[in-house]
Enquirer: 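I have a structure I would like to understand better, so I am pasting it below and will then ask my questions one at a time.
Values reported hereafter were calculated over all heavy atoms of this structure, with side chains retained and with hydrogens, waters and symmetry mates removed.
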Amino acid sequence: MSLVGKSEIDIEIKAPAAEFHEVISGRPHHISNVSPAHIQSCEIHEGEWGKPGSVIFWNYTHDGVPETAKEIIEAIDNEKNSTTFKVIEGHFLEKYKNFHIVVQATPKGGGSLVHWTFTYEKLHENIPEPQGIVQLVLGMTKDIDAHLTEQKA
């Protein structure tokens with residue numbers, strides 16, 4: 001059994017890809033306002049919002065449990081509407097040696113396709129796949145989409 005893994009999820013949304021990307025990359029601290037059941041807060045610890053190298057701290061609910069994570073924004077590609085995060089502190093590092101998150105929004109029809117990719121290395125073979133994060137980002141993505149599309153109505 002390999003300790004290195006990858007999980008992916010695609011979510012179709014109605015909002016434009018660039019608008020969704022702008023929330024994820026440049027205004028993640030607003031997510032708690034539109035998705036409070038999933039994200040309770042997001043604060044900047046180093047750097048500036050929307051800048052690679054910045055460190056952000058999340059309070060969120062994962063599998064029904066309040067958790068925290070500190071992430072560094074490794075890359076932002078505004079042309080591809082893609083943001084890459086690396087977890088540097090928090091409950092994921094209790095089970096995983098490393099954990100990376102890439103979120104990319106691609107225009108599709110009248111809306112977008114949001115593709116989340118999680119790559120990780122488990123600390124040992126008895127660690128389960130990180131399925132709870134999939135449910136977290138699914139709910140959060142739908143909440144952001146609803147907020148962005150309500151603004152247009």
Side-chain angles (χ1 to χ4, degrees), residues 2 4-63 67 69-88 90-93 95-122 128-153:
S2 174
V4 176
K6 182 177 185 179
S7 295
E8 298 177 86
I9 182 173
D10 287 321
I11 306 162
E12 289 191 31
I13 63 171
K14 295 176 184 160
E19 289 182 19
F20 184 85
H21 168 68
E22 208 282 320
V23 170
I24 295 293
S25 67
R27 296 184 290 129
H29 53 296
H30 291 201
I31 297 172
S32 62
N33 296 329
V34 298
S35 190
H38 302 285
I39 306 295
Q40 287 71 59
S41 68
C42 179
E43 305 163 1
I44 192 139
H45 279 204
E46 294 176 32
E48 296 177 44
W49 293 117
K51 302 287 184 192
S54 297
V55 175
I56 55 179
F57 183 82
W58 299 86
N59 283 293
Y60 58 98
T61 302
H62 180 264
D63 289 336
E67 299 286 1
K70 189 181 279 189
E71 299 174 340
I72 187 165
I73 300 172
E74 287 193 318
I76 296 174
D77 185 331
N78 291 323
E79 287 183 25
K80 293 182 178 178
N81 296 315
S82 176
T83 307
T84 304
F85 300 93
K86 177 182 180 182
V87 178
I88 57 174
H91 89 281
F92 280 108
L93 296 186
K95 296 179 180 179
Y96 305 96
K97 185 176 182 179
N98 59 60
F99 203 96
H100 288 82
I101 302 165
V102 178
V103 58
Q104 181 175 12
T106 305
K108 180 180 180 187
S112 308
L113 182 67
V114 178
H115 183 79
W116 291 86
T117 305
F118 311 97
T119 55
Y120 49 87
E121 182 178 354
K122 299 175 187 181
E129 302 299 316
Q131 291 305 310
I133 188 73
V134 171
Q135 294 307 310
L136 171 69
V137 301
L138 176 62
M140 183 183 75
T141 299
K142 288 181 177 184
D143 289 344
I144 294 169
D145 181 40
H147 173 73
L148 292 172
T149 54
E150 284 172 9
Q151 288 182 329
K152 300 254 188 262

Enquirer: Tell me every residue that passes side-chain hydrogen bond (donor to acceptor under 3.5 Å, both in side chains) with Thr141, counting only those two or more places apart in sequence or in another chain.
Expert: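 Listed in chain order: Trp116.
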
Enquirer: Using 0.5 Å steps for rounding, measure from the NZ atom of Lys97 to the NZ atom of Lys122.
Expert: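 Rounded to the nearest 0.5 Å, the NZ-NZ separation comes to 15.0 Å.
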
Enquirer: Donor-acceptor check, side chain of Ser112 to backbone of Ala15, threshold 3.5 angstrom: yes or no?
Expert: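 Yes, Ser112 side chain to Ala15 backbone: donor-acceptor pair under 3.5 Å.
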
Enquirer: Among side-chain atoms of Ser7 and Glu129, is any donor-acceptor pair under 3.5 angstrom?
Expert: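 Not at all, the side chains of Ser7 and Glu129 share no donor-acceptor pair under 3.5 Å.
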
Enquirer: Within a strict 4.5 Å, meaning less than it, do heavy atoms of the Trp58 and Ile31 side chains meet?
Expert: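 Counting from C-beta outward, Trp58 and Ile31 do come under 4.5 Å.
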
Enquirer: Given side chains that start at C-beta, do those of Phe85 and Ile24 come closer than 4.5 Å, heavy atoms only?
Expert: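 Counting from C-beta outward, Phe85 and Ile24 do come under 4.5 Å.
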
Enquirer: Which heavy-atom pair separates Gly139 from Ser35 by the least distance, and what is that distance?
Expert: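 Where Gly139 meets Ser35 most closely, the heavy atoms are O-OG, 4.3 Å.
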
Enquirer: Among residues at least two apart in sequence or on other chains, which ones pass side-chain hydrogen bond (donor to acceptor under 3.5 Å, both in side chains) with Thr119?
Expert: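 Per chain and number, Thr119 pairs via side-chain hydrogen bond (donor to acceptor under 3.5 Å, both in side chains) with no residue.
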
Enquirer: Keeping the roles fixed (side chain from Ser54, backbone from Gly47), state whether a donor-acceptor pair exists under 3.5 Å.
Expert: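 No, because the side chain of Ser54 does not come within donor-acceptor range (under 3.5 Å) of the backbone of Gly47.
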
Enquirer: Find out whether Ile56 and Lys70 are in side-chain contact, i.e. whether some heavy atom of one side chain is under 4.5 Å from a heavy atom of the other.
Expert: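 Side-chain contact under 4.5 Å: no.
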
Enquirer: Can you name the closest pair of heavy atoms from Pro28 and Cys42 and give their distance?
Expert: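 Distance-wise, the nearest heavy atoms are O-CB, 3.7 Å.
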
Enquirer: Got a sec, which pairs hit salt bridge (charged side-chain N to carboxylate O under 4.0 Å, His left out) with one end in residues 39-60, sequence neighbours left out?
Expert: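 Passing the test, one end in residues 39-60: no pairs.
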
Enquirer: Kindly write out the residues that satisfy side-chain contact (heavy atoms from CB on, under 4.5 Å) with Glu8, not counting sequence neighbours, or none if the list is empty.
Expert: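 Glu8 satisfies side-chain contact (heavy atoms from CB on, under 4.5 Å) with Lys6, His115, Thr117 only.
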
Enquirer: For Asp77, give me all partners under side-chain hydrogen bond (donor to acceptor under 3.5 Å, both in side chains), at least two apart in sequence or on another chain.
Expert: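 Partners of Asp77 under the side-chain hydrogen bond (donor to acceptor under 3.5 Å, both in side chains) test: none.
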
Enquirer: Under the ring-ring contact (aromatic ring centres under 6.0 Å, His included) rule, what pairs show up with a residue in residues 21-48, not counting sequence neighbours?
Expert: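 ring-ring contact (aromatic ring centres under 6.0 Å, His included) check on residues 21-48 returns His29-Trp49, His45-Phe57.
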
Enquirer: Check whether any side-chain heavy atom of His91 lies under 4.5 Å from a side-chain heavy atom of His62, and answer yes or no.
Expert: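 Yes. Closest side-chain heavy atoms under 4.5 Å.
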
Enquirer: Any salt bridge (charged side-chain N to carboxylate O under 4.0 Å, His left out) pairs touching residues 99-119, not counting sequence neighbours?
Expert: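 Pairs touching residues 99-119 that pass the test: Glu12-Lys108.
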
Enquirer: Between Val137 and Ile9, is a side chain to side chain contact (heavy atoms under 4.5 Å, CB included) present by the stated rule, with each step listed?
Expert: CA-CA 9 Å; Val137 301; Ile9 182 173; 4.2 Å; yes

Enquirer: Once you round to the nearest 0.5 Å, how far does NZ of Lys14 lie from CD of Glu150?
Expert: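 One gets 10.5 Å once the value is rounded to the nearest 0.5 Å.
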
Enquirer: Taking only residues two or more places apart in sequence, or in another chain, which ones meet Tyr96 in a ring pair (Phe, Tyr, Trp, His ring centres under 6.0 Å)?
Expert: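 Phe99, Tyr120.
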
Enquirer: Side chains of Val23 and Glu19: closer than 4.5 Å at any heavy-atom pair?
Expert: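 They are not in contact (no side-chain heavy atoms under 4.5 Å apart), so the answer is no.
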
Enquirer: Would you please name every residue forming a side-chain hydrogen bond (donor to acceptor under 3.5 Å, both in side chains) with Ser82, sequence neighbours left out?
Expert: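 By the side-chain hydrogen bond (donor to acceptor under 3.5 Å, both in side chains) rule, Ser82 matches no residue at all.
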
Enquirer: How many angstroms lie between atom CD1 of Ile72 and atom NE2 of His100, to the nearest 0.5 angstrom?
Expert: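 NE2 of His100 is found 9.5 Å from CD1 of Ile72.
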
Enquirer: Rounded at 0.5 Å granularity, tell me how far CD1 in Ile11 sits from NZ in Lys142.
Expert: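 Interatomic distance, Ile11 CD1 to Lys142 NZ, rounded to 0.5 Å: 7.5 Å.
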
Enquirer: Among residues at least two apart in sequence or on other chains, which ones pass side-chain contact (heavy atoms from CB on, under 4.5 Å) with Val34?
Expert: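 If we apply the side-chain contact (heavy atoms from CB on, under 4.5 Å) test to Val34, skipping adjacent residues, the hits are Ile144, His147.
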
Enquirer: Do the non-hydrogen side-chain atoms of Val103 and Val114 ever get within less than 4.5 Å of each other?
Expert: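 Sidechains of Val114 and Val103: in contact.
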
Enquirer: Contact between Thr83 and Ile73 at the side-chain level, heavy atoms closer than 4.5 Å - yes or no?
Expert: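 Touching, per the 4.5 Å side-chain cut-off.
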
Enquirer: Can you check whether Thr106 reaches Asn81 side chain to side chain, under 4.5 Å on heavy atoms?
Expert: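 A side-chain contact is absent here, since even the closest heavy-atom pair is not under 4.5 Å.
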
Enquirer: Among residues at least two apart in sequence or on other chains, which ones pass side-chain contact (heavy atoms from CB on, under 4.5 Å) with Ala69?
Expert: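 Per chain and number, Ala69 pairs via side-chain contact (heavy atoms from CB on, under 4.5 Å) with Tyr60.
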
Enquirer: Does the Gln40 side chain pair with the main chain of Pro36, one donor and one acceptor, at a distance under 3.5 Å?
Expert: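 It does hold such a pair.
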
Enquirer: Might you work through the side chain to side chain contact (heavy atoms under 4.5 Å, CB included) test for Ile39 and Asn59, ending with a clear yes or no?
Expert: CA-CA 6 Å; Ile39 306 295; Asn59 283 293; over 6 Å; no

Enquirer: Hey, mind stepping through Ile101 and Thr84 against side chain to side chain contact (heavy atoms under 4.5 Å, CB included) and telling me if it holds?
Expert: CA-CA 6 Å; Ile101 302 165; Thr84 304; over 6 Å; no

Enquirer: Evaluate side chain to side chain contact (heavy atoms under 4.5 Å, CB included) for Gln104 paired with Lys80, printing each intermediate quantity in order.
Expert: CA-CA 7 Å; Gln104 181 175 12; Lys80 293 182 178 178; 3.6 Å; yes

